[in-house]
Amino acid sequence: ISNDQDFIVGGGLIEERTDGYDSQKVTVGGRFERRISDVLSVDFGATLERSRIDENSIETQYTLVGLPVGFTIDTSDDLLNPTEGGRTRVRFTPYLESLGSSISFYSMTARHSQYVALDSNRDVVLAGRAAVGSIIGASTGNLPADKRLYSGGSGSVRGYGLQKIGPLDAGGDPIGGSALLEVGAELRWRVFGDFGIVPFIDGGQVYDTDRPDLGQELQWAAGLGLRYYTPIGPVRADFAIPLNPRKSDDWYQVYFSLGQAF
């Protein structure tokens, strides 16, 4: 292994409990990461998963063999509090029955964020992001629930509950989808000392089709965040409200985390 290339092996026992599904799975995998330049890196590998998923009291078992490949372009100036540059992450993962998977499909996601300092001291930063995803080869209902695309929550569209954007079942629980579209923007203003405020707007939608339907309205939310800047990154508190909520959506959400939202 050279200095600009790493081989990473991992595995775990993972249990998830969400409004849409409960899952238990065993995972093992490995991947190569190679740094092509100071800003560009590529990675590829293989994963094996054995999972048991309970969705609406129906239990299904899956075996998945994935071959993820992707690349990252990172020109940002800081990991937790970027003020200049951008980040692009693209990932493609085929799951092939011929390699032992119990179902065959192809998952693709692309995410980009951009940061622009509006003053010389970089105390005011305009940040924006966009994400798109698609799963082809299997309908949403036939996909494992934990491999579907979801939106809503602290790391995506604030103002909505975790995974609550997109199709819901009769009980108001998220179903997930086969396509995803998200956008967002915020103004990060370091008002005085180590304290700042961040007005923001987020939008997103999850679709039952394998590509985003641009004719379908996004779910929008807006809010205001507080930041306390520390040597290891900002402590984040965000308050957000949905702008076009459905009857099942709460009228506000509050989030706490370390690091900027994106």
Side-chain angles (χ1 to χ4, degrees), residues 12-27 47 49-64 66 68 91 93 95 101-109 111 131-184 202-213 216-221 238 240-242 244-257 261-262:
L13 302 172
I14 302 172
E15 182 173 358
E16 290 182 286
R17 295 188 180 275
T18 73
D19 289 342
Y21 64 88
D22 295 336
S23 72
Q24 297 175 321
K25 59 186 174 183
V26 180
T27 68
T47 61
E49 300 181 21
R50 179 65 177 172
S51 62
R52 179 186 296 110
I53 297 176
D54 185 332
E55 184 179 14
N56 295 323
S57 299
I58 299 175
E59 186 177 287
T60 309
Q61 296 187 20
Y62 295 95
T63 300
L64 297 178
R91 177 162 289 270
T93 305
Y95 296 91
S101 294
S102 54
I103 183 175
S104 176
F105 60 96
Y106 305 85
S107 178
M108 298 164 284
T109 58
R111 302 178 183 276
V132 62
S134 176
I135 300 176
I136 60 175
S139 64
T140 298
N142 289 326
L143 289 169
D146 64 337
K147 289 295 182 286
R148 299 171 195 164
L149 297 173
Y150 297 90
S151 182
S154 175
S156 57
V157 181
R158 292 160 287 183
Y160 294 86
L162 179 65
Q163 302 182 341
K164 284 298 183 72
I165 285 179
L168 304 174
D169 64 18
D173 292 327
I175 299 173
S178 298
L180 165 77
L181 181 63
E182 292 179 348
V183 294
D202 292 331
Q205 191 56 269
V206 173
Y207 309 88
D208 190 38
T209 55
D210 61 10
R211 65 190 64 183
D213 178 3
Q216 184 175 343
E217 184 180 18
L218 300 182
Q219 295 298 129
W220 290 98
D238 289 331
I241 59 173
N244 52 343
R246 300 155 298 184
K247 292 182 179 180
S248 60
D249 293 318
D250 295 328
W251 72 272
Y252 75 96
Q253 295 285 331
V254 179
Y255 311 94
F256 299 94
S257 186
F262 57 88

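One is the number of the first residue; the rest follow in order along the sequence. Computed over heavy atoms, backbone and side chain alike; hydrogens, waters and symmetry mates excluded. The model shown is predicted, which means the values in this text are computed figures rather than measured ones.
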- After noting the C-alpha distance and the side-chain angles of Leu218 and Val183, does the key distance pass the side chain to side chain contact (heavy atoms under 4.5 Å, CB included) rule? CA-CA 9 Å; Leu218 300 182; Val183 294; 4.2 Å; yes
- Taking every non-hydrogen atom, the tightest pair across Ala261 and Arg158: CB-NH1, 3.5 Å
- Task: Give, for atom CD of Gln205 and atom CG of Asp213, the distance between the pair rounded to the nearest 0.5 Å.
- Result: 9.0 Å
- Item | Approximate separation, where rounding is to 0.5 Å, of Tyr160 OH and Asp249 CG | 5.5 Å
- Item | Asp208 and Thr140 side chains, donor-acceptor separation under 3.5 Å | yes
- Task: For Glu217 and Asn244, test the side chains for any donor-to-acceptor distance below 3.5 angstrom and give the result as yes or no.
- Result: yes
- Message: Please check: side-chain N/O of Tyr95 versus main-chain N/O of Ser107, any donor-acceptor pairing under 3.5 Å?
- Response: no
- Message: Checking Thr47 against Thr27 for the side chain to side chain contact (heavy atoms under 4.5 Å, CB included) test, could you report, in this order, the C-alpha distance in whole Å, the side-chain angles of both residues, the deciding distance, and whether it holds?
- Response: CA-CA 7 Å; Thr47 61; Thr27 68; over 6 Å; no
- Query: Does any N or O in the side chain of Arg111 come within less than 3.5 Å of the main-chain N or O of Val132, such that one atom is a donor and the other an acceptor?
  - Reply: no
- Task: Decide whether Arg50 and Thr63 meet the rule of one side-chain donor and one side-chain acceptor closer than 3.5 Å.
- Result: yes
- Message: Quick check: closest heavy atoms across Ala221 and Gly159, and the distance to 0.1 Å?
- Response: CB-CA, 4.0 Å
- Would you please test Asp250 and Tyr252 for side chain to side chain contact (heavy atoms under 4.5 Å, CB included) and show each step? CA-CA 6 Å; Asp250 295 328; Tyr252 75 96; 5.9 Å; no
- How about Arg246: does its CZ atom have over 12 heavy atoms from other parts shown lying under 6.0 Å from it? yes
- Note on the structure: Separation between CD (Glu182) and OG (Ser156), nearest 0.5 Å, reads 4.5 Å
- Do Thr93 side-chain atoms and Gly66 backbone N/O form a donor-acceptor pair below 3.5 Å? no
- Query: Is any side-chain heavy atom of Met108 less than 4.5 Å from a side-chain heavy atom of Ile136?
  - Reply: yes
- Is there a side-chain contact between Lys164 and Asp19, using heavy atoms and a 4.5 Å cut-off? yes
- Identify the heavy atoms of Val157 and Ser151 that sit nearest to each other, and give their distance. CG2-OG, 3.5 Å
- Message: If I take atom CG from residue Asn142 and atom CZ from residue Phe105, how far apart are they, to the nearest 0.5 angstrom?
- Response: 11.0 Å
- What heavy-atom pair brings Ala138 and Ser178 nearest, and what distance separates the two atoms? O-OG, 4.3 Å
- Query: Of the non-hydrogen atoms in Arg211 and Ala179, which two are nearest, and what is the gap between them?
  - Reply: C-CB, 3.4 Å
- Message: Could you measure the distance from the CD1 atom of Ile103 to the NZ atom of Lys147? Nearest 0.5 Å is fine.
- Response: 11.5 Å
- Query: How long is the gap from OH on Tyr21 to CD on Glu59, to the nearest 0.5 Å?
  - Reply: 15.0 Å
- Could you tell me whether the side chain of Asp169 and the main chain of Gly171 form a donor-acceptor pair under 3.5 Å? yes
- Message: Do Pro212 and Leu180 make a side-chain contact, defined as non-hydrogen atoms from C-beta onward lying under 4.5 Å apart?
- Response: no
- Task: Run through Ile14, Asp54, Thr18, Ile53 and flag the one making a side chain to side chain contact (heavy atoms under 4.5 Å, CB included) with Ser23.
- Result: Ile53
- Salt-bridged, Asp146 to Lys25, with N to O below 4.0 Å? yes
- Scan side-chain atoms only and decide if Tyr62 and Glu49 contain a donor-acceptor pair under the 3.5 Å cut-off. no
- Message: Assess the residue pair Asp238 and Gln253 against the criterion (side chain to side chain contact (heavy atoms under 4.5 Å, CB included)); give the C-alpha distance rounded to whole Å, side-chain angles, the decisive distance to 0.1 Å, and a yes or no.
- Response: CA-CA 8 Å; Asp238 289 331; Gln253 295 285 331; over 6 Å; no
- Query: How about Gln24 and Ser51: do any of their side-chain heavy atoms sit closer than 4.5 Å?
  - Reply: no
- Query: Is there a donor-acceptor pair closer than 3.5 Å between any side-chain N or O of Tyr207 and the backbone N or O of Pro167?
  - Reply: no
- Task: For Val26 and Leu13, work out which heavy atoms get closest and say how close.
- Result: CG2-CD2, 3.3 Å
- Can you check whether Ile135's main-chain N or O pairs, donor with acceptor, with Asp210's side chain at less than 3.5 Å? no
